[in-house]
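Numbered from 1 within each chain, the chains take letters A, B, ... in sequence-line order. The structure presented is a predicted model; accordingly, all values stated were derived computationally and were not measured.
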Amino acid sequence: MSAITYELLHIDKNSGARRGVVHTPHGDIQTPIFMPVGTQATVKAMTPEELKEEVQAQIILSNTYHLYLRPGHELVKEAGGLHKFMNWDRPILTDCGGFQVFSLSDLRKIKEEGVEFTSHLDGSKHFFSPERVMEIEEALGADIIMAFDECVKYPETYEYTKQSMERTTRWAKRCKDAHTTADRQGLFGIIQGGFYEDLREQSAKDLIAMDFPGYAIGGISVGEPKEEFLKMLKFTAPLMPENKPRYLMGVGSPDYLIEAALAGIDMCDCVLPTRIARHGTAMTSHGKVVARNACYERDFTPLDSECDCYTCRNYTKAYIRHLINTKEILGVRLLSIHNLRFLTKLMDRVRIEIENDNLLNFRDEFYKNYGYTKE
RNA sequence: GGGUAGGUGGUCGAGUGGUUAAUGGCACCAGACUGUAAAUCUGGCCGCGAGAGCGUACGAUGGUUCGAAUCCAUCCCUACCCA
């Protein structure tokens, strides 16, 4: 029995979006879902209690690379695993370090065997092979663990993307072979292939043949125009098995999340809501509110009149602007709570609209209120 | 009353005869951020102008000089010390 299983509840008759449940060793996840990112065993500025009670997050992400460097996966294991270490008893997903192959591109060398990183902390050398990544992710003990991949930049040549994708596929096989905890950790494969349809197709086919309990789309939402993103998303999602979770990596703006659900994606994660919160911006049902801006100096209304979050129930834009401008920690915390709650609530709504076969209409209405121009 | 050190753009503070509308920091204003090297980064920040540019500006006034925030004279103001 796999640690991770997917139960399909309903398909939106008008869009094909999926409403489902992912069963994990630490409980169920209602999908589609947005997963807050807590790279270093913490969703920045949030306590796990706030994530549960105020944000109502069902699952969070953490990161192999960062936790391997500090405090070290052995230490986390000694603490009783990541759940216990950080006092979070709901599901956790660990990313594999594949994104760091992309984001730390000046600090690493890729070979067939794996990737050599120069630590961004102290310049020390570290080698990540698929086998090593499995060892680390198993020590961390997340419910869902990701196979080691390379997230290719945009744009990239066909030739490079092809050989990278093929290597990621070989690495996925090595991860699967090295994986020893399939009874309590579900290993997901990551579809690569850049912005080339035939490569995406090949990647999906080869990974599906390996029979992972779930699949992710990686390597999109890496700075390409929205049009390119949507094209690749809509091409790739239907290639993924229907009876397993489908995870789109690195997506977190409201429009991308809705588009992902429409494409039949079940899970997304992103640093965006917490990052822009720290930088003074809120996502609201009426579009972005840059709370730092002078126009809110005397605005004694909540960030979002339609929001039920702790921040909106208790604080005004004028106060939050003051906190952000004076660099008070509370400003960052209040905005983080709001943004995360905004997205979890958005996904609550998306699930309801799917059940009502109405996600397309909701998308249009949401775009209009948010101020997005359609596609 | 005497002495010493000073007065620079919102502020602190460089500059001490030309390439200076004047380095930096802060404050202020705006933008970016999408599997977190990010409580970060980028841009703007005298006025007018889309721009080339024009006008005004380094306490005040006058002077030296081809040219002054920078040199000189007088005055005003500030801080500290002595009486």
Legend entry - Whole-Å distance separating the CE atom of A/Met249 from the C1' atom of B/rG35: 4 Å
Legend entry - Rounded distance in Å between the P positions of B/rC72 and B/rU16: 15 Å
Legend entry - Residue A/Thr281, side-chain atoms from C-beta onward, closest of B/rG31, B/rG35, B/rC33: B/rC33
Inset, instruction - Could you work out which one of B/rA39, B/rC28, B/rC33 sits closest to the side chain of A/Asn325? - result: B/rC28
Inset, instruction - Ignoring the backbone of A/Cys151, work out which of B/rU36, B/rG35, B/rA39 is nearest its side chain. - result: B/rG35
Inset, instruction - Using the P atom as the reference point in each nucleotide, state the distance between B/rG47 and B/rG35 in Å, no decimals. - result: 39 Å
Inset, instruction - Would you indicate, yes or no, if B/rU36 has its OP1 or OP2 atom less than 4.0 angstrom from a side-chain nitrogen or oxygen of A/Gln100? - result: yes
Inset, instruction - Remember a base hit wins even if backbone is also touched, and classify A/Gly38 as base, sugar-phosphate or nothing at under 4.0 Å, heavy atoms. - result: nothing
Legend entry - Charged N-O contact under 4.0 Å between A/Lys231 and A/Glu227: no
Inset, instruction - Taking only Lys NZ, Arg NE, NH1 and NH2, and the carboxylate oxygens of Asp or Glu, determine whether A/Glu113 and A/Arg174 approach each other closer than 4.0 Å. - result: yes
Legend entry - A/Glu54 (side chain) donor-acceptor with A/Leu51 (main chain) under 3.5 angstrom: no
Inset, instruction - Just say parallel, tilted or perpendicular for the rings of A/Tyr158 and A/Tyr196, cut-offs at 30° and 60°. - result: perpendicular
Legend entry - Nearest-Å distance once atom P is located in both B/rG10 and B/rC46: 9 Å
Inset, instruction - Mark yes or no for a side-chain to base donor-acceptor pair under 3.5 Å between A/Asn63 and B/rG35, with no hydrogen or angle criteria applied. - result: no
Inset, instruction - For the side chain of A/Val290, starting at C-beta, report the closest nucleotide among B/rG31, B/rG35, B/rA39. - result: B/rG31
Inset, instruction - Provide the distance between the two P atoms, one in B/rA22 and one in B/rC66, to the nearest whole Å. - result: 26 Å
Please tabulate, for side-chain N and O atoms in residues 271-280 of chain A, each donor-acceptor pair with protein atoms closer than 3.5 Å (sequence neighbours left out).
unit_1	atom_1	unit_2	atom_2	d
A/Thr274	OG1	A/Val271	O	3.0
A/Arg278	NH1	A/Thr274	O	3.2

Legend entry - Electrostatic pair A/Arg18:A/Asp266 at N-O distance under 4.0 angstrom: yes
Inset, instruction - Round to the nearest Å and state the distance from A/Leu69 atom CG to B/rU36 atom P. - result: 13 Å
Inset, instruction - Using a strict 4.0 Å threshold on nitrogen-to-oxygen distance, state whether A/Lys244 and A/Asp211 make a salt bridge. - result: yes
Inset, instruction - Looking at every strand, decide which applies to A/Cys268 at a 4.0 Å heavy-atom threshold: base, sugar-phosphate, or nothing. - result: nothing
Legend entry - RNA chain B: 5'-proximal contact among A/Phe102 and A/Ile329 (nearest heavy atom): A/Phe102
Inset, instruction - Using whole Å, report how far NZ of A/Lys327 lies from P of B/rC41. - result: 11 Å
Legend entry - Strand RNA chain B as a dot-bracket string - pairs counted if Watson-Crick or G-U with both distances under 3.5 Å, | where the partner lies in another strand: ((((((((.[[[..)..(.....]]].(((((.......))))).(((....)))...[[[[[..)....]]]]]))))))).
Legend entry - Phosphate contact (B/rG31 OP1 or OP2) by A/Lys288 side-chain N/O below 4.0 Å: no
Legend entry - Proximal nucleotide (of B/rG35, B/rA39, B/rA32) relative to the A/Arg292 side chain: B/rA32
Inset, instruction - Could you check which of B/rA30, B/rA39, B/rC33 has an atom nearest any side-chain atom of A/Asn293? - result: B/rA30
Inset, instruction - Specify the separation, in whole Å, of atom CZ of A/Phe99 and atom C1' of B/rC33. - result: 11 Å
Inset, instruction - Please measure how far the C1' atom in B/rU20 lies from the corresponding atom in B/rA69, and state the result in whole Å. - result: 9 Å
Inset, instruction - Please report, rounded to the nearest Å, how far the C1' atom of B/rU34 is from the CD1 atom of A/Ile265. - result: 15 Å
Inset, instruction - Check if the side chain of A/Arg275 and the base of B/rA38 share a donor-acceptor pair of N or O atoms closer than 3.5 Å. - result: yes
Legend entry - Between B/rU61 and B/rC76 - C1' atom distance, rounded Å: 10 Å
Legend entry - Distance between P atoms of B/rG43 and B/rU8 (Å, rounded): 28 Å
Legend entry - Spacing between A/Tyr68 atom OH and B/rA37 atom C1', to the nearest angstrom: 16 Å
Inset, instruction - Over 60° means perpendicular and under 30° means parallel, so classify the ring planes of A/Phe342 and A/Tyr370, tilted if in between. - result: tilted
Inset, instruction - Could you work out which one of B/rC29, B/rU36, B/rU40 sits closest to the side chain of A/His279? - result: B/rU40
Inset, instruction - Give the nucleotide from the list B/rG31, B/rG35, B/rA37 with an atom nearest to the side chain of A/Leu107. - result: B/rA37
Inset, instruction - Mind checking A/Leu61 for me? I need base, sugar-phosphate or nothing, with any heavy atom below 4.0 Å counting as a touch. - result: sugar-phosphate
Legend entry - Nearest-0.5 Å distance, CD1 of residue A/Ile337 to CZ of residue A/Arg313: 9.5 Å
Legend entry - Sugar-phosphate only, base, or nothing, as touched by A/Ile190 at under 4.0 Å among non-hydrogen atoms: base
Legend entry - Atom-pair distance (CD1 on A/Ile59; P on B/rG35), nearest Å: 16 Å
Legend entry - Euclidean distance, atom CD of residue A/Glu297 to atom C1' of B/rA30 [Å, nearest integer]: 15 Å
Inset, instruction - Please state the P separation for the pair B/rU70 and B/rG2 - nearest whole angstrom. - result: 26 Å
Inset, instruction - Quick one: label A/Asp95 by what it contacts on the DNA or RNA (base, sugar-phosphate, nothing), any heavy atom closer than 4.0 Å. - result: base
Legend entry - Backbone of A/Pro213 reached by a side-chain donor or acceptor of A/Ser2 within 3.5 Å: no
Inset, instruction - Choose from B/rC29, B/rC33, B/rU36 the nucleotide whose nearest atom is closest to any side-chain atom of A/Leu272. - result: B/rC33
Legend entry - Side-chain-base donor-acceptor pair under 3.5 Å for A/Ser103 and B/rU36: no
Inset, instruction - Check every strand shown and say whether A/Gln40 touches a base, only sugar-phosphate, or nothing at a heavy-atom separation below 4.0 Å. - result: nothing
Legend entry - Proximity to the side chain of A/Arg321 - top-ranked nucleotide from B/rA32, B/rC29, B/rG35: B/rC29
Inset, instruction - Using a heavy-atom cut-off of under 4.0 Å over every strand shown, decide if A/Ser119 touches base, sugar-phosphate, or nothing. - result: nothing
Inset, instruction - Compute whether any side-chain donor of one residue and acceptor of the other, for A/Glu138 and A/Thr180, lie under 3.5 angstrom apart. - result: yes
Legend entry - N or O in side chain of A/Ser221 less than 4.0 angstrom from B/rU34 OP1/OP2: no
